[in-house]
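Worksheet for the structure shown next.
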Amino acid sequence: MRTLQTIGVPTKPLPEEVDAGVVALKSRTVPAAQAVAQSLAALHWLRAAGCKQIYFKFCSTFDSTSSGNIGPVTEALMDALGCDFTIACPAFPENGRTVFKGHLFVGDDLLSESGMRNHPLTPMRDSNLIRVLQAQTTFKVGHIAYDVLAHGAQAIRERIAALKAGGVRIAIVDAITDDDLRTLGAAVSDLSLVTAGSGVALGLPQNYAAHLVHASHAAALPQRPGYRAIVSGSCSIATNTQVLEFIKSGGPTYALDPLKLAAGEHEVERAVAWALPRLASSPVLIHSTAEPARVRQIQQQLGVGDAGALVERALASIASSLVHVGVTQLVVAGGETSGAVVQALGTTALRIGPQIDPGVPWTATEGGTPILLALKSGNFGAPDFFTKAFTLLDRHERITSA
Ligand code: ADP
């Protein structure tokens with residue numbers, strides 16, 4: 001499906017030439033009432049644009065607390081849509097998120113034994129999603145088990161009918177493979193609301209096949225020839241590996257020092273000046289990525305929040321300067337870092353292009369200087385992600401100019 005993602009709820013209507021509209025909100029950890037208000041505003045905009053089915057996307061690790069926001073937002077969307085039943089399924093098998101007997105696994109570990117156990121804002125200490133969701137909602141939560149999925153879409157529909165008869169309004173769904181997600185997609189074609197991680201979206205386009213007018217060029221992006229750069233503020237395990245891999249492959253790399261930044265040294269200007277003579281010959285990487293021990297040390301000296309904000313501001317300003325001097329193909333690593341960069345660039349929307357690795361596509365920006373932008377959340381992507389991203393673009397450019 002040809003897809004446009006807007007940053008926040010836009011004031012303009014959705015352009016007609018897309019098959020799917022996505023509104024990006026920052027609603028995971030804000031107070032529940034704010035998350036509900038933002039989500040309802042997004043719902044109204046999407047409905048006004050003619051969207052037939054609404055998808056509330058949450059984190060594939062079901063990031064939430066006992067006060068929300070998955071439960072409250074789901075309830076509000078169901079009420080607004082007059083929807084009596086929906087599913088909740090964070091499974092994303094390609095990225096190691098699977099749901100079995102109502103329990104969420106991250107790789108080989110239960111959610112409660114994964115790194116999410118120690119998340120600073122949304123620590124996940126219970127892997128039983130039925131229990132986790134029930135604590136956040138007054139609606140009765142039920143379960144659709146893997147053996148139902150194994151019997152196909154019709155079996156899922158029958159199970160939904162039985163759950164509804166028993167007063168259940170939201171069902172956690174087991175899913176272990178992409179095939180499960182395809183079966184599930186077919187079974188939920190008539191639900192006005194689906195709630196899930198991004199994985200379940202895999203099974204939905206087939207339901208619209210007859211109506212998709214842009215499928216043949218869904219991932220086409222405009223060409224944006226120019227310099228290439230990577231900016232990374234993620235300290236996740238996957239990003240640390242990707243930075244090391246880029247250095248090992250001989251890529252020019254500048255490591256930003258948060259302590260120098262805090263001391264008022266001109267780290268931003270220094271990094272940009274370092275990049276300038278190198279841009280013509282190769283993609284450059286500017287990063288603050290560090291191992292956990294080093295991050296702790298910096299946080300102890302500067303404070304967790306202040307260190308984060310300082311580094312985000314610096315990287316956003318570097319990204320903005322790089323675009324100013326002609327970078328038109330930019331990779332950003334880190335969720336919060338991406339938010340800061342998108343804001344600094346004045347980006348209002350992203351046209352979604354080809355996928356680099358599961359969950360990370362190239363996009364074309366609207367608003368600000370038009371560039372190609374890939375926003376990589378911390379733990380996504382293969383070790384060679386940074387070089388792979390540009391190789392894909394080379395291939396894509398050859399295809400679109402053929
Ligand atoms: P991820 O997606 O991996 O969680 P984010 O960008 O969301 O990455 O979050 C990383 C946070 O850590 C940001 O606030 C960033 O500014 C901060 N940060 C980055 N590098 C350092 C560092 N060397 N020391 C302390 N904090 C850092």
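Whatever order the structure lists them in is the order used to number ligands and atoms, beginning at 1. Model, not experiment: these values are computed from the prediction.
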Enclosure of F105 CZ (heavy-atom neighbours >12, cutoff 6.0 Å): yes
How about F100 and Y146: are their ring centroids closer than 6.0 Å? yes
Please identify which of these residues, L163, L184, V168, meets the side chain to side chain contact (heavy atoms under 4.5 Å, CB included) condition with I144. L163
List the steps, then state whether side chain to side chain donor-acceptor pair (under 3.5 Å) holds for T347 with E366. CA-CA 6 Å; T347 305; E366 294 183 5; over 6 Å; no
Would you say that more than 12 heavy atoms from the other residues, nucleotides or ligands in this model lie under 6.0 Å from the CG of L259, or not? yes
Parallel, tilted or perpendicular: which describes the rings of F380 and F92, with under 30° parallel and over 60° perpendicular? perpendicular
Under a 4.0 Å heavy-atom cut-off, which residues neighbour ligand 1? G233, S234, C235, S236, P258, S288, A290, V295, I298, G308, V311, E312, G334, G335, E336, T337, G378
